[in-house]
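Below you'll find the structure, written out as C-alpha cells, and then a few comments.
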Amino acid sequence: MKTKPLDPMNNISQPLSSPAPLTKSSGIKIHQTDEAIGFIPLPDNSGKPITVIGNDAIRNSFDDTCLQQIVNSRMSPGVTEVILNPDGHAGYGAPIGCVMVSPTHIYPGPVGVDIKCSMSLLQTDIPEEAVADKSVRRALIDAITERTPTGAGRGTRSVKKGRKFTKELGIQVVTEGASPAVCEALGIPVEWAERCEDSAHLGHDGTAESLRKRLDFILETKRVKNFGDKIGQLGSYGGGNHFGECEITRILDLPSAKETAEVFGLKDGHVSFLSHCGSRGFGNILACAQFKDLETMFNKWGIPYPAGDKKLVYAPLGTPEANAYLDDMALGANFATVNHLLINALVLEAFQEVLPGTTGKLVYFISHNIAREEIVEGRKAWVHRKGATRAVPGGHFSLAGTPFAETGHPILLPGNPRDGSVVMVAQGGAERTAWSVNHGAGRQMGRKHAAQTLDQAAVDAEFDSADILYNSRKYPIDESPDAYKNFADVLNSVEAAGLAKTVAKLEARFVIKDSAEADD
DNA sequence: ATGTCC
C-alpha cells in the first residue's frame, strides 16, 4: 500500500498575519488572518495550511491535544485539506469539530464511532402559549419518554402503534434507509425523506446490493450479535450528549431571515422539537470493528500509523478494506437516518396525545459524523465531517432538485438549553471550509472535570429560574451548559468568518436526556 | 458515542 505525498499544488499563499501568532505550549502556532479565520502552517510548509475558524476567545479554547490532533490529521496520507471549527476539542484520533478532505483515502476516525450522529428539527403548529403551563410540559415529557427512551442499551418502549420490528424490516432499514417501504412500515411520513441531507446510503459501488452482501457477512460472522435487539433500538436516543428538546422557534426579524424561514417551514412563536442522536449500538459495533480490522491490516502489512496514532488508521479508496468501511458506514448511516425519522414520528404522536390535533413537519435532518463524496475545489473528494455540518448555500449545484436549491439547506446547531440553539443557512464564505460549519458549542470541560467542578444545585436552580424542565430528577452535571464552550463566541466566529448566518433561534422549554442518576 | 466501567 503506497501513501500519497502531500500535494504541493495545494500550497496556497496565505498573507502573513500582522499580530504575533498565538503559540500554544505544544509549539503549534495559529496565525490570524481575519477576525475569525486563522491558519496553522504545516511543519514543512509542504501543503495547504490548516484552516482554523474562531475569534480570539475561541482560538484560546483549543487545547494542545486538539491542536496536535488537527496537525496529525492534516499530515496523514492522502489528506489535502483540514479545517478546525470553533467547537473543536480533542476527540478519538481527530478532533471533534473538524473537517478532513481526501480524494484518495477514507478514514474511520475522522467519521467517528457514532456513525451519522445527526440533528433533526420538527416544526409543529402549536403556539407557544399551549406549553406555557408546566403540567402540559410534564405530560409531554412523559408521553415522549414513553415512546423514545434514553439510555445505553435502551430500545423503543411499548407504544409502537402496530409497528413490528422484524428482522426483515431491520434488513430493509439498514440497506435502504428511509425508502418509501421503510417509511410506510414504521409510520414515518414519506415526504420527510426529502427533508434529509441523505435519506438513503448506497454501498461502495453505488448499489444497495453490495450493502445486502455486506450485511449477510456481518450477520453470518456474528460481527453484530443480536441484530434484532439493535433493530429494537430504532426510535431511541441513547445517552451522553444525545437529547430531545422542546423549543420555541424565534425567527430573526430580518426580511432575508423571514424568507428563508418560510422555505425551511419554520413557524415563529410556535413549538418545535430538536433531536440529537445517531446510529446507536448498531453503528457503534460496525465502527469499532473497522478500527480493529484496519489495525490488523496495518500490522500485517507493517505500515506505520499516521503520527503513530492507531486511531488514524485509513484505507486507500478502491481497496477491499475501503469498500468494507464504506459499506459499514452506509449501513450505520441508514440506521441513523431511520432512527431519527422514527423518533420524530414518535415525538409527533406524543404531542398529538397530549395536545390533540397537533400537526408537525420535519424541517431537516442533517448529520455531523459522516464522510460524503463531494466536489471540493473542482475535485471529487471524500469530505469527512467529524462533529462538523455540511453548509451549502443557495444556488450551489449540489442542492438542485431539493426544496433548498435557492435558499441553501437548514443548518441545525445545538448550543445549550440556557443559551438556546439556532437554525442557520450557509453563506458563500463556506467555500473556504469545504462547505462546512461546526456542529454545536463543543465541550470545554471533560465529563469528569465538569462533575468535579460544577455545582449541581446551581445548575438545577438555573434551569428552574429559566423555567426549563427536564425528564430526570437532576440535570446531568457533565452535560450542563458551562461544560460547553460559550455558544455566543462560537456563533460569532461562524458569522464573522462568513460561513453561515442565523435564520432563527430556538428557546428551550424542556429537555429529554439520559441521566444515570434519575433513570426509571 | 457504546450490548457504557473510571
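Computed from a predicted model, the values in this text were never measured in an experiment.
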Can you tell me the distance, in whole Å, between the [atom1] atom of [X] and the [atom2] atom of [N]?
{"X": "His242(A)", "N": "dT2(B)", "atom1": "NE2", "atom2": "C1'", "result": "10 Å"}
{"X": "Gln233(A)", "N": "dT2(B)", "atom1": "CD", "atom2": "P", "result": "8 Å"}
{"X": "Tyr92(A)", "N": "dT2(B)", "atom1": "OH", "atom2": "C1'", "result": "12 Å"}
{"X": "Asn226(A)", "N": "dT2(B)", "atom1": "CG", "atom2": "P", "result": "17 Å"}
{"X": "Tyr237(A)", "N": "dT2(B)", "atom1": "OH", "atom2": "C1'", "result": "18 Å"}

Practice problem: Answer yes or no: are there more than 12 heavy-atom neighbours, outside Lys361(A) itself, under 6.0 Å from its atom NZ? | Solution: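 At most 12 heavy atoms, drawn from other residues, nucleotides or ligands, come within 6.0 Å of this atom.
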
Practice problem: Can you run down the salt bridge (charged side-chain N to carboxylate O under 4.0 Å, His left out) pairs that involve residues 87-115 of chain A, sequence neighbours left out, and say none if there aren't any? | Solution: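 Counting only pairs at least two positions apart or across chains, no salt bridge (charged side-chain N to carboxylate O under 4.0 Å, His left out) contact touches residues 87-115 of chain A.
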
By the 4.0 Å heavy-atom rule, please label [X] as base, sugar-phosphate, or nothing.
{"X": "Gly238(A)", "answer": "sugar-phosphate"}
{"X": "Gly283(A)", "answer": "nothing"}
{"X": "Gly240(A)", "answer": "sugar-phosphate"}

Quiz item: Does the Thr124(A) side chain pair with the main chain of Val271(A), one donor and one acceptor, at a distance under 3.5 Å?
Solution: yes

Quiz item: Counting only N and O atoms by type, is there a donor-acceptor contact under 3.5 Å from the side chain of Lys386(A) to the main-chain atoms of Val99(A)?
Solution: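 Not confirmed, Lys386(A) side chain does not pair with Val99(A) backbone.
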
Please enumerate all protein N or O atoms sitting under 3.5 Å from an N or O of nucleotides 4-6 of chain B, with distances to 0.1 Å.
none

Which atom pairs, donor and acceptor, lie under 3.5 Å between side-chain atoms of residues 282-292 of chain A and protein residues at least two apart or in another chain?
| residue | atom | partner | partner atom | Å |
| --- | --- | --- | --- | --- |
| Gln290(A) | NE2 | Ala324(A) | O | 3.4 |
| Gln290(A) | NE2 | Asp328(A) | OD2 | 2.8 |

Quiz prompt | Atom pair NE2 (His340(A)) and CG (Leu234(A)), whose distance is rounded to the nearest 0.5 Å | solution =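 Reported to 0.5 Å precision, the distance equals 12.0 Å.
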
